Amino acid sequence: MAFCDLKPVRVSDDKTGATYVIGEVIAAYNIGSPLPTVYSWDMVKSVSITRREMIFSFLGSKTNISFSNKMFRSSEEALRAIAIIECQSKANNFTYLHEKRLFPLKSLYRECFPGKESYVGEGMLDEADTAAALLALLNFRLMKFLWLVALLITLITFGVLSYTIGLTRDNILYFILISVASGGIFALIVYMITHAAARARVKSFADADLASKEAITYVISKSGFAACESCIYQSRDLVSWEEADYFVESDKMFIIFKGRTPLAFIPKKVFSKKYIGGVTDIIALSLEQR
C-alpha cells in the first residue's frame with residue numbers, strides 16, 4: 001500500500017480531554033477509561049473530512065468520533081492523517097467524503113519506484129498561475145460558444161426591433177448596428193461572468209485543500225506522476241498514468257484530467273528549463289493531449 005511508512009498522528013481534544021491516534025488502527029483514549037477503544041479500519045463505515053472537522057462512523061455502532069482540524073499540532077500532521085485515511089479508504093473500501101482537491105487523492109497512489117528516467121521538482125502551487133491556466137483552457141472552449149451566443153442575440157434583437165417598430169429602408173442600418181452591438185455586449189457579459197466563476201473555482205479549491213499552502217513535490221516518470229505535499233512524500237509512490245485520461249498544456253503548467261475534472265496541476269517552473277522538454281515528452285507519450 002502507498003504511504004505505508006507514515007507515522008501515526010496524535011490528536012488531543014482539550015475540551016473533553018480525549019486523545020485520538022490515527023495510524024494502523026484508530027484508538028480513542030477517554031478520561032476515566034483505563035484502556036483505549038480501538039477500531040480497526042475494516043470496522044469503519046465512513047469518514048467525512050471538511051475544512052473544519054473529521055468525522056468517523058463505524059459499522060454496527062451509533063457512536064461517532066469527531067474532532068476539529070484545529071486540534072492538530074501542525075498542518076503536516078493534518079495532512080499525514082488525511083493521507084492515512086485516504087489510503088485506508090482504498091484498502092478497506094469504506095465511504096470517504098471530502099471537499100474539492102487541487103492534488104490527487106492518496107488512494108490513487110501505488111508503491112512504485114519512478115525509475116531512472118524521471119524528473120522531480122518542488123514548489124508552491126501558485127493560485128494566479130492555476131487560474132490563468134484554467135482560463136486559457138476555458139477561452140479555447142468558450143470562443144465557439146460565444147460566437148453562437150452573439151449571433152443568436154443579434155438575430156433575436158433584430159427580429160424584436162423589426163416586429164415592434166417595423167422595418168423600413170431608413171432604419172434597417174440602425175437596427176443592424178443595434179443588434180450587432182447587443183450580441184457583442186451580451187457575449188462580453190457571459191465571458192466576464194464565466195471568467196469570474198473560473199477564478200472563484202480555483203480559489204474555492206485552494207481554500208478547501210490544506211495542501212495548497214504547502215510545498216509540493218512533483219514527479220514525472222514513465223511509471224506515473226506525483227503531486228504530493230513534500231512533508232509527507234516518500235519518493236516511491238506514484239499515480240499511474242492509467243488513472244488519468246488526457247492533459248492540457250498552457251504556457252505555465254500541465255493540467256492532468258480525469259474525465260472533465262482536473263486531477264493534478266503540474267507547474268513548469270518547478271522543473272529546470274533544460275528538463276521541460278523531457279517532462280513534456282513523457283506526459284505526451286503517456287496521455288492524449290487536448
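Both backbone and side-chain heavy atoms feed into the values below; hydrogens, waters and symmetry mates do not. Computed from a predicted structure; not experimentally measured.
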I would like to know whether Val120 and Thr217 meet side-chain contact (heavy atoms from CB on, under 4.5 Å); could you show each step before the answer?
CA-CA 7 Å; Val120 181; Thr217 295; 4.1 Å; yes

So, Phe271 versus Tyr119, ring centres under 6.0 angstrom or not?
no

Correct closest heavy-atom pair for Gly123 and Tyr218 would be O-CE1, 3.8 Å

Between Trp41 and Ile85, is there a side-chain heavy-atom distance shorter than 4.5 Å?
yes

Student check: side-chain heavy atoms of Leu125 and Pro267 closer than 4.5 Å
yes

Applying side-chain contact (heavy atoms from CB on, under 4.5 Å), run through Thr63 and Phe58 and close with a yes or a no.
CA-CA 7 Å; Thr63 301; Phe58 302 94; 5.9 Å; no

Quiz item: cation-pi between Lys45 and Phe94, 6.0 Å / 45°
no

Point-to-point distance, once rounded to the nearest 0.5 Å, from CZ of Phe3 to CD of Gln88:
13.0 Å

With rounding to the nearest 0.5 angstrom, report the CD1 to CG distance, Ile22 to Leu6.
12.0 Å

Which atom pair, heavy atoms only, marks the closest approach of Cys228 to Tyr109?
CB-OH, 3.6 Å

Can you find a pair of side-chain heavy atoms, one from Ile256 and one from Phe265, that are under 4.5 Å apart?
no

Please determine if Glu229 and Lys106 form a salt bridge, counting it only when a charged side-chain N lies under 4.0 Å from a carboxylate O.
yes

For the atom pair CD1 (Ile220) and OG1 (Thr280), what is the distance rounded to the nearest 0.5 Å?
9.5 Å

Side-chain contact, heavy-atom cut-off 4.5 Å: Glu249 with Ile283?
no

Using side-chain heavy atoms (C-beta onward) and a distance below 4.5 Å, is Tyr246 in contact with Gln289?
no

State whether a side-chain donor-acceptor pair under 3.5 Å links Ser57 with Ser46.
yes

Flag yes if more than 12 heavy atoms outside Phe186 fall under 6.0 Å of its CZ atom; otherwise flag no.
no

Using distance alone, with no hydrogens and no angle criterion, decide if Ser230 and Glu122 have a side-chain donor and acceptor under 3.5 Å apart.
yes

Give a yes or no answer on whether the side chain of Asp245 reaches the backbone of Gly259 with a donor-acceptor pair at less than 3.5 Å.
yes

Candidate pair Val11 and Val21, rule side-chain contact (heavy atoms from CB on, under 4.5 Å), full reasoning:
CA-CA 6 Å; Val11 187; Val21 176; over 6 Å; no

Counting N and O atoms only, with roles assigned by atom type, does the side chain of Arg80 sit under 3.5 Å from a partner on the main chain of Val9, one being a donor and the other an acceptor?
no

Under 4.5 Å between side-chain heavy atoms, counting indirect links through other Ile/Leu/Val/Met/Phe/Trp/Tyr residues: same cluster for Val160 and Ile176 or not?
no

Has the side chain of Ser250 got a donor or acceptor atom that lies under 3.5 Å from a matching backbone atom of Met253?
yes

Considering non-hydrogen atoms only, spot the tightest contact between Glu111 and Asp237 and give its length.
CA-OD1, 3.4 Å

Of all heavy-atom pairs linking Ile282 and Glu117, the shortest is CD1-O, 3.9 Å

Does any N or O in the side chain of Trp241 come within less than 3.5 Å of the main-chain N or O of Phe225, such that one atom is a donor and the other an acceptor?
no

Using a 6.0 Å cut-off, check whether atom NZ of Lys258 has over 12 heavy atoms from anything other than its own residue.
yes

Taking all non-hydrogen atoms of both residues into account, name the closest pair between Ile84 and Lys7 and its distance.
CD1-O, 3.7 Å

Give a yes or no on whether a salt bridge exists between Arg101 and Glu86, defined as a side-chain N under 4.0 angstrom from a carboxylate O.
yes

At their closest point, which heavy atom of Asn30 faces which heavy atom of Ala18, and how far apart are they?
OD1-CB, 3.6 Å

Is the ring centre of Phe257 less than 6.0 Å from the ring centre of Phe247?
no

Please answer: with hydrophobic residues joined when any side-chain heavy atoms are less than 4.5 Å apart, are Phe72 and Tyr29 in the same cluster?
no

Is Glu77 salt-bridged to Arg10, going by a charged N under 4.0 Å from an acidic O?
no

Under 3.5 Å, is there a donor-acceptor pair linking the side chains of Glu214 and Ser75?
yes

Look only at the side chain of Ser240 and the backbone of Glu243, and say whether a donor-acceptor pair between them is shorter than 3.5 Å.
no

Can the ring centroids of Tyr20 and Phe67 be said to lie less than 6.0 angstrom from one another?
yes

Phe56 and Ile26: CA distance, side-chain angles, deciding distance, side-chain contact (heavy atoms from CB on, under 4.5 Å) verdict
CA-CA 10 Å; Phe56 296 76; Ile26 305 165; 3.7 Å; yes

Side-chain donor/acceptor of Asn69 to backbone N/O of Arg51, under 3.5 Å:
yes

Between Lys70 and Asp13, does at least one N-O distance fall below 4.0 Å, as a salt bridge requires?
no

Decide whether Asp42 and Ser40 meet the rule of one side-chain donor and one side-chain acceptor closer than 3.5 Å.
yes

